[in-house]
Amino acid sequence: DTGVSQNPRHKITKRGQNVTFRCDPISEHNRLYWYRQTLGQGPEFLTYFQNEAQLEKSRLLSDRFSAERPKGSFSTLEIQRTEQGDSAMYLCASSLGGNQPQHFGDGTRLSIL
Amino acid sequence: AQKITQTQPGMFVQEKEAVTLDCTYDTSDQSYGLFWYKQPSSGEMIFLIYQGSYDEQNATEGRYSLNFQKARKSANLVISASQLGDSAMYFCAMRETTSGTYKYIFGTGTRLKVLA
């Protein structure tokens with residue numbers, strides 16, 4: 001069990017640029033989740049996958065956000081035309097589902113200049 | 001709408017004492033799961049304990065126990081014999097199962113400071 005891996009750990013970019021983050025879940029986990037966390041808040045659900053299928057996407061998520069999980073393994077989260085309000089920690093988690101807990105990665109911290 | 005409420009933004013506890021972190025939830029689901037996570041200043045989210053809505057006994061994991069009161073919709077975390085390393089943010093979370101999806105909702109967290 002090597003844990004959930006996210007990269008990059010930090011991303012600094014100018015407003016208007018596109019960014020992509022990667023998450024490698026624990027290998028046998030079929031569920032993968034993306035969250036956004038801002039300072040002093042709990043993680044906010046963005047989207048989740050069961051295997052390669054994206055089963056739910058938050059209504060708070062604008063069309064600038066897209067996520068994929070090709071072949072049901074790693075996942076990418078892309079933000080297009082970044083805005084100041086996108087600055088946050090983006091967390092990925094995976095689980096076996098059911099009563100099993102989510103295991104989180106260390107997150108990618110996005111800073112928009 | 002499903003919701004998690006943590007009313008204590010910050011708590012202090014003396015080392016070796018016990019502390020209770022409050023969590024109330026709102027759901028119309030009959031089947032749901034409740035989780036507690038710890039987030040140290042380093043940022044990683046660490047799973048602590050789980051309680052299922054149909055579990056009759058309160059969950060325990062080492063120094064952590066969950067005081068589950070279903071009728072009151074509360075799932076308080078009790079940490080016994082606090083240690084300095086327990087200083088962190090603590091989040092209560094609920095897994096929704098509405099419509100067969102497995103979405104998690106987190107509270108705003110409680111920052112715990114253990115005093116030497």
Side-chain angles (χ1 to χ4, degrees), chain A residues 1-10 23 25-26 29-51 53-61 67 88-111, chain B residues 1-10 21 23-25 29 31-55 59 61 64 66 68 77 88-111:
Chain A
D1 180 356
T2 58
V4 178
S5 175
Q6 291 188 248
N7 62 80
R9 291 296 309 276
H10 304 275
C23 171
I26 294 172
H29 287 185
N30 61 343
R31 294 207 170 127
L32 186 147
Y33 298 78
W34 285 99
Y35 294 89
R36 176 171 59 193
Q37 186 178 25
T38 53
L39 201 60
Q41 299 296 315
E44 175 188 23
F45 171 80
L46 294 179
T47 188
Y48 100 95
F49 294 83
Q50 182 165 323
N51 300 312
Q54 187 174 17
L55 295 189
E56 188 160 351
K57 186 175 175 180
S58 170
R59 289 176 215 151
L60 301 174
L61 219 56
M89 176 73 85
Y90 290 84
L91 295 168
C92 175
S94 69
S95 80
L96 285 168
N99 298 338
Q100 297 302 308
Q102 297 180 312
H103 295 262
F104 283 81
D106 290 338
T108 294
R109 182 169 296 283
L110 174 64
S111 298
Chain B
Q2 282 83 352
K3 188 178 178 182
I4 291 281
T5 302
Q6 294 181 256
T7 57
Q8 305 154 314
L21 306 183
C23 172
T24 58
Y25 59 93
D29 285 356
S31 176
Y32 51 89
L34 296 157
F35 300 79
W36 277 91
Y37 286 85
K38 172 185 178 182
Q39 189 175 41
S41 56
S42 50
E44 73 274 27
M45 294 280 285
I46 302 166
F47 165 73
L48 297 177
I49 196 167
Y50 164 80
Q51 180 86 40
S53 58
Y54 293 120
D55 294 342
E61 289 285 349
Y64 304 108
L66 201 151
F68 181 47
L77 177 70
M89 282 290 288
Y90 287 81
F91 292 99
C92 180
M94 178 170 64
R95 183 195 67 233
E96 298 179 6
T97 55
T98 304
S99 303
T101 65
Y102 286 83
K103 177 179 164 182
Y104 288 72
I105 298 172
F106 284 77
T108 53
T110 295
R111 183 173 297 281

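Below, read A as the first sequence line, B as the second, and so on, with proteins coming before strands; counting in each chain starts at 1.
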Counting heavy-atom pairs under 4.5 angstrom with chain B, the leader among Ser95(A), Gly105(A), Pro43(A), Ser58(A) is Pro43(A)
For Gln6(B), is it the side chain, the backbone, both or neither that has a heavy atom under 4.5 Å from a heavy atom of chain A? neither
Nearest heavy-atom neighbours spanning Gln102(A) and Phe47(B): O-CB, 4.3 Å
What distance do Met89(A) atom CE and Gln39(B) atom CD have between them, rounded to the nearest 0.5 Å? 7.5 Å
Would you sort out whether Phe91(B) and Gln37(A) count as a side-chain contact (heavy atoms from CB on, under 4.5 Å), showing the intermediate values? CA-CA 12 Å; Phe91(B) 292 99; Gln37(A) 186 178 25; 3.5 Å; yes
Start with the C-alpha distance between Tyr35(A) and Phe106(B), add both sets of side-chain angles, then the distance that settles side-chain contact (heavy atoms from CB on, under 4.5 Å), and finish with yes or no. CA-CA 10 Å; Tyr35(A) 294 89; Phe106(B) 284 77; 3.7 Å; yes
Would you mind telling me which of Tyr104(B), Tyr50(B), Trp36(B), Phe35(B) makes a side chain to side chain contact (heavy atoms under 4.5 Å, CB included) with Pro101(A)? Phe35(B)
Inter-residue atom distance Glu44(B).CD - His103(A).NE2, 0.5 Å rounding: 14.0 Å
